[in-house]
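Quantities reported herein were computed from a predicted structural model and do not represent experimental measurements.
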Amino acid sequence: MNERARHWRYDELPGVDLLRARYVRKTFVRHTHENFVIAAIADGVEVFHHGGGDQYAGAGALALVNPDTPHTGRAGVPQGWRYGAVYPPADVVAEIAAETTTLRGTPGFVSPVMDDPYAVGLVHQVLRAADEGNALAADTLLRVAVTRLLRLNGGPMPRREVRTAGARIAARARGVLEERMARPPTLERLAADLGTSPFALLRAFRDAYGMPPHAWLTDARVRRARRLLDSGTTPSEAAVTVGFTDQPHLNRHFSRMVGVPPGAYQRERKNVQDLG
């Protein structure tokens, strides 16, 4: 079975990423998204590590991941899995929640897997409407789908408050890595600059962000590369700017987190802009 994926945007759904894919051997490494993930499984099974354990989403189920939540992804059966996904920004979800639900504050999904063939169908209808250029249908169906998921599986997003000394050190370390993304310090140097030991920093960072500093940095580099590609930067320039050795390194990490290579990702973005 051939693997295929299309990752694109539709101008009439501002800020919402769209994906259609079939994966068999594909493995997503631990990563995060700035937006919500609403992935509707059409057939097969996806397994993803989330919240300390493996979650299984089969045909008729949705994989639901809140922003900035580390997770992975892989096939749960030999034939892999086929799915469609929408990635609405947090402000869009919050707006829908305020208008159509009783949720207050920052809304999120409570359970990472939800069996709901009707909602799965809605997600695929959103993608079809975007393909057909039907702005009214795409926007309407997205709002109906998000409303349904929030009413059935929504709750206030847990707030991450920096209370402990370890959490404060982790936040400072994250700030350093963001500033020095292209030339990061070693763990030992970073720990020394923050007045702690390497293993204490490693534990604090993992507790705060769900992954060790080097994995978080790779994730952050791919996020920044996406923004550069969206603004027209070439993949080779983006690779060097965010700190990858060369474009093949960006290609490998980008594909293992976004699901498509950076060149294909940028071409779809350019097509949308050209049509606009």
Side-chain angles (χ1 to χ4, degrees), residues 13-19 28 30-41 46-57 60-73 83-120 122-123 126 139-175 178 203-211 215-216 219-220 223 257:
L13 295 177
V16 180
D17 287 312
L18 307 169
L19 175 71
F28 288 89
R30 185 172 290 262
H31 64 288
T32 64
H33 295 273
E34 291 175 290
N35 292 1
F36 281 88
V37 179
I38 301 175
I41 313 300
E46 180 186 13
V47 184
F48 60 106
H49 195 81
H50 175 289
D54 280 344
Q55 308 289 335
Y56 293 77
L62 301 107
L64 303 169
V65 182
N66 295 325
D68 299 313
T69 303
H71 60 287
T72 63
Y83 70 118
V86 295
Y87 303 80
D91 59 342
V92 170
V93 173
E95 173 202 323
I96 294 170
E99 186 179 349
T100 64
T101 75
T102 57
L103 295 173
R104 292 296 169 257
T106 305
F109 298 124
V110 175
S111 171
V113 175
M114 182 175 157
D115 285 308
D116 188 345
Y118 182 74
V120 167
L122 287 172
V123 171
V126 172
D139 189 25
T140 301
L141 292 163
L142 177 66
R143 290 172 184 276
V144 171
V146 171
T147 297
R148 179 178 177 85
L149 295 173
L150 287 172
R151 285 178 174 169
L152 295 176
N153 187 36
M157 195 96 78
R159 293 181 63 184
R160 276 184 179 161
E161 295 183 12
V162 177
R163 291 176 181 162
T164 67
R168 284 192 292 272
I169 287 173
R172 288 170 60 201
R174 173 175 168 160
E178 285 176 334
R203 281 194 303 271
F205 202 97
R206 190 180 276 135
D207 287 346
Y209 302 114
M211 58 181 90
W216 180 91
D219 187 44
R223 280 192 183 195
M257 293 181 179

Query raised in the report: Do Thr164 and Asp207 have side chains that get closer than 4.5 Å, going by heavy atoms?
Result: no

Query raised in the report: Once the angle between the rings of Phe48 and His71 is folded into 0 to 90°, is it parallel (under 30°), tilted (30 to 60°) or perpendicular (over 60°)?
Result: perpendicular

**Report entry** Asn66 side chain near Met157 side chain, heavy-atom distance below 4.5 Å
**Finding:** yes

Requested in this report: Write down the atom of Gly108, the atom of Leu150, and the distance for their closest heavy-atom approach.
Outcome: O-CD2, 4.2 Å

Query raised in the report: Within the distance-only criterion (no hydrogens, no angle test), does the side chain of Asn35 pair as donor or acceptor with the backbone N or O of Gly15 below 3.5 angstrom?
Result: yes

**Report entry** Ion pair Arg143/Asp139, N-O distance below 4.0 Å
**Finding:** yes

Requested in this report: Would you mind reporting whether Pro156 and Thr106 have side-chain heavy atoms less than 4.5 Å apart?
Outcome: no

Just list the side-chain donor-acceptor pairs under 3.5 Å for residues 49-57, sequence neighbours left out, or say none.
| residue | atom | partner | partner atom | Å |
| --- | --- | --- | --- | --- |
| His49 | ND1 | Asp54 | OD1 | 3.2 |
| Asp54 | OD2 | Arg74 | NH2 | 3.2 |

Query - Gap between atom CZ of Arg30 and atom CG of Asp219 - 0.5 Å precision - result: 10.5 Å

Query raised in the report: If you look at every heavy atom in Ala119 and Leu149, which pair is closest and at what distance?
Result: CB-CD2, 3.9 Å

Query raised in the report: Passes side-chain contact (heavy atoms from CB on, under 4.5 Å), Thr32 versus Met211? Steps please.
Result: CA-CA 10 Å; Thr32 64; Met211 58 181 90; 3.8 Å; yes

Report summary line: Distance col, row Leu152:CG vs Met114:CE, nearest 0.5 angstrom, shows 4.0 Å

Query raised in the report: For residues Asn153 and Ser111, is any side-chain donor paired with an opposing acceptor at under 3.5 Å?
Result: no

Requested in this report: Would you check if Leu19 and Tyr83 make a side-chain contact, meaning some heavy-atom pair closer than 4.5 Å?
Outcome: yes

Query raised in the report: Between Thr100 and Arg151, does any side-chain donor sit less than 3.5 Å from a side-chain acceptor?
Result: no

Query raised in the report: Are side-chain heavy atoms of Arg148 and Asp116 found at a separation under 4.5 Å?
Result: yes

**Report entry** Heavy-atom donor-acceptor pair, Thr69 side chain to Pro67 backbone, under 3.5 Å
**Finding:** yes

Requested in this report: Heavy atoms only: give me the nearest Ala61-Val120 pair and the separation to one decimal.
Outcome: O-CG2, 3.4 Å

**Report entry** Geometric class of the Phe109/Phe36 ring pair [parallel <30°, tilted 30-60°, perpendicular >60°]
**Finding:** perpendicular

Query raised in the report: Are Arg174 and Phe205 side-chain neighbours, meaning at least one heavy-atom pair lies under 4.5 Å?
Result: yes

Query raised in the report: Which atom pair, heavy atoms only, marks the closest approach of Gly166 to Ala204?
Result: O-CB, 3.4 Å

Query - Smallest separation among heavy atoms of Val16 and Pro89, with atom names - result: CG2-CD, 3.8 Å

Report summary line: Output for pair (Leu103 CG, Ile96 CD1), nearest 0.5 Å, gives 12.0 Å

Query raised in the report: Given side chains that start at C-beta, do those of Leu64 and Ile38 come closer than 4.5 Å, heavy atoms only?
Result: yes

Query - Minimum heavy-atom distance Ala39-Ala85, with the two atoms named - result: CA-CB, 3.8 Å

